[in-house]
Amino acid sequence: MDLIDDSDDVTPVPLSQRAMAGRAAPYLDGLNPAQRAAVEALDGPVLLLAGAGTGKTRALTSRIAHLLAQGRAHQRQILAVTFTNKAAREMKDRIGRLLGEAVEGMLWLGTFHGISVKILRRHAELIGNGELHLKPSFTILDTDDQIRLLKQLILAENLDEKRWPARQLAHLIDGWKNRCLTPARLPQGEAMAFDGWGGKLYQAYQDRLLTLNAVDFGDLLMHCVTLFQAHPDVLKQWQDRFRYILVDEYQDTNVAQYMWLRLLAQAHRNICCVGDDDQSIYGWRGAEVGNILRFEKDFPGAQVIRLEQNYRSTPQILAAASGLISANAGRLGKTLWTEAEAGEKVRLIGHWDSEAEARWIGEEIEAFQGGHRAALGAVGLNDIAILVRASHQMRAFEDRFMTIGLPYRVIGGPRFYERQEIRDAMAYFRLVVSPSDDLAFERIVNTPKRGLGDKAIKTIQNVARQNAVPLLEGARIVVGEGHLGGKGLANLREFVVGVGRWHADALDEGISHIELAERILDESGYTAMWQNDKSPDAPGRLDNLKELIKALEEFDNLQGFLEHVALVMDRDEGDATEEVSIMTLHGAKGLEFPVVFLPGWEDGLFPNQRAMDENGTKGVEEERRLAYVGITRAERLATISFAGNRRLYGQWQSSMPSRFVDELPEEHVEVLTPPGLYGGGYGAAMAFAGANAGTQMHDRAANADVYNSPGWKRMQARATQHKTPVPRSSVTIDASAEAIFTVGDRVSHAKFGEGQVMGMAEDTLTVQFDSGGFKNIKAAYVQPVGRDDDVPF
DNA sequence: GGCGGAACTTTTTTT
DNA sequence: AAGTTCCGCC
């Protein structure tokens, strides 16, 4: 998120834009009455209950345009908060389009975290513990740094890191920060968590952060709140500045964010919160549905406006989703409606196992490609999404789609800036920019290997501590005094000298930061490290490093870049090509697709067992909202499926269909009979079609009894013994293996790297990979080496 | 101190 | 099943 606001002027600008008030307001055109009301109710607290697909972003952006056009506020006097950078970006774009000019720089539109950073930088000195305080240049730690730091603290207490994992402590501390509980405010009972060490370690962690001049994600919010609470003058400044506040996804706010908003809004109360209690799916990270349910109490006299006209889905889809969500208690309630044509019912299908499920979905998608569903209109791969509960479900689809050559993209996988090589490179940059960044130092001092192991690090740490200097400085002393022996010493000297040189280069106007970055990676030996690495993913890592350098072009210097990356961990997803999207349900929030597949609706997976164990009924309700979010992503066709067997930790486990399946309203669901099940062999066909004594395959039978029927249970029992017959794929693999390869050919595989063909049968090759090991691989899965033939995958 | 194999956990979701 | 961490040997 890039909030460029170069002005320190926080006094309100006179309403000089009144002149615009009389003009026509094109941004009002085409709004429905509710949307229009939402746009025009400018003053006082407003709660906008916006159901899925009701044009919420449209209302929000039009509202901002209206505020500006009416001269109610200057751009810099409006605060608009979102949860994700993506949402912020989209809003910025759309407002820009509405106004016909870019809004960059003026409007305070960003994530809670991004805006908090902006505020904190200006008052960093006010955050401290009496002895130490933050400096405006503070760094933001990510989860990785956070955990490494905590691990050190745990070890410093002589605790067994196995019994008290740093991850768990991090989770605990995050939870406290989400609720704005500083170590001092921590209730006695909570402080005793982590076997009595919780409070103490938390305090130690906060102190350590301060000495590092660093904050973590949770601090960004918490420090802001404590800042406002302890310094009313500062709070007043910001209250005066932000005359109008808008909040997106209000149902996802946690306690800290709620306090943050309340403090800022309590003077003028011009706050407009947009949300949908039915789409609250982040309770596990501290979000409080209660915030939205309580809004009218928190802000007496609030106007509540409901957006209920849905522009996205067919009535069948809406009805199925509404029926499902009605099982939740304590909703604010709303009735979605649409003018769209009825469309197809939500489809439901069961499979033997997760592999059959993936296979079937793959075939369905291919059938769309062949135009077998003309009623839907044209369906391209970009129109299709597979939404899973847990990311491990993705593998089955990736494997299957690879073998049949179906292009797909995984959205929200391991993110670019979280990759090892990127984080290493960034640690180099960090150390060069701020030589006192001890965490960065620790990360890279021995990467690439410089013969500096635990002992050397300990020595450096001790020297640094004794002299009260950062680690890099400590290393310099170690080098000067020759505390280390042999090779390590020479390497450490080279490293220290190198960092010193790059640091000087960074201040040299004549050297661009891009050139500097390349120089750092080359001279440090980091690039060489990967060039010499023979593992199959090494080339990919080098590509990523190139991409990282390219990303630098958008910034003026390394500092600016590092600042940006700390908050924006995502990268633009390329969508130039036609690909099916695979993502988690959480990742799908806010998106829409004509065709949606919802696999894995099994008890334990969805609703997730852990969610149920840890949060009981509340957990189930959140899972149900997640199901609701999933169904409402679909515009024209939604297909829910479940499998009788699924591999978990490498073990086959049988499972029952999700309770949510039973909750779908029968009249909006069409039950399909899975392939390979008719013929009576397994008794499963009876389970599906026979329960209602109907023998038609497409009978409606979304009936709880179906899944308790003897047939279903038999299927459960037998599925482990019988393998599903593999249905003939509707796509022919380009050619048989023989046509493309001969024994002895060199081939390359996306996952396993390069290897040699040792044998083949039909479309399957036996390959000996250079990384060691034989694998049987579908021919379509590998690429000939040394040829440019475009064999799919 | 580095490397390789064994043993052990993990998989809910993320700013 | 796969990724990580741990441990013992070089």
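Quick note on labels: first sequence line is chain A, next is B, and so on, each numbered from 1.
Put simply, CD on Gln651(A) is 16 Å from P on dT9(B), counting in whole angstrom units. Across the protein-nucleic acid pair, Leu626(A) atom CG and dT14(B) atom C1' stand 13 Å apart, rounded to whole Å. Between Met394(A) atom CE and dA2(C) atom P the separation is 17 Å, expressed in whole Å. As a whole-Å value, the separation of Tyr282(A) OH from dT15(B) P is 7 Å. Between the P atom of dT10(B) and the CD atom of Gln653(A) lies a distance of 16 Å, rounded to the nearest Å. At whole-Å resolution of the value, CG in Asn446(A) and C1' in dC3(B) are 14 Å apart. Rounded to an integer number of Å, the gap from CH2 of Trp284(A) to C1' of dT14(B) is 5 Å. Rounded to whole Å, the distance from CZ on Phe397(A) to C1' on dT11(B) is 16 Å.
Not one N or O on the side chain of Arg646(A) forms a donor-acceptor pair closer than 3.5 Å with the backbone of Ser354(A). A distance-only check finds a donor-acceptor pair linking the side chain of Asn491(A) to the backbone of Arg450(A) [under 3.5 Å].
Side-chain atoms of Arg395(A) lie closest to dA2(C) of the nucleotides dA2(C), dT14(B), dT11(B). Of the candidates dT13(B), dT15(B), dT10(B), dT10(B) carries the atom nearest the Tyr649(A) side chain, counting heavy atoms from C-beta on. Considering only side-chain atoms of Lys449(A), the nucleotide from dC3(B), dT15(B), dT14(B) that sits closest is dC3(B).
With ring centers used as reference points, Tyr282(A) lies under 6.0 Å from Trp284(A).
Salt bridge present: Lys589(A) and Glu249(A) bring a charged side-chain N and a carboxylate O closer than 4.0 Å.
Comparing Arg167(A) and Leu452(A) against DNA chain B, the residue whose closest nucleotide sits nearer the 5' end is Leu452(A). Nearest-nucleotide assignment on DNA chain B puts the 5′-proximal partner with Leu648(A), out of Leu648(A) and Arg285(A).
Side-chain nitrogen and oxygen atoms of Thr84(A) include none within less than 4.0 Å of the OP1 or OP2 phosphate oxygen of dT14(B).
Counted by atom type alone, Glu398(A) and Tyr408(A) present one or more donor-acceptor pairs between their side chains at under 3.5 Å.
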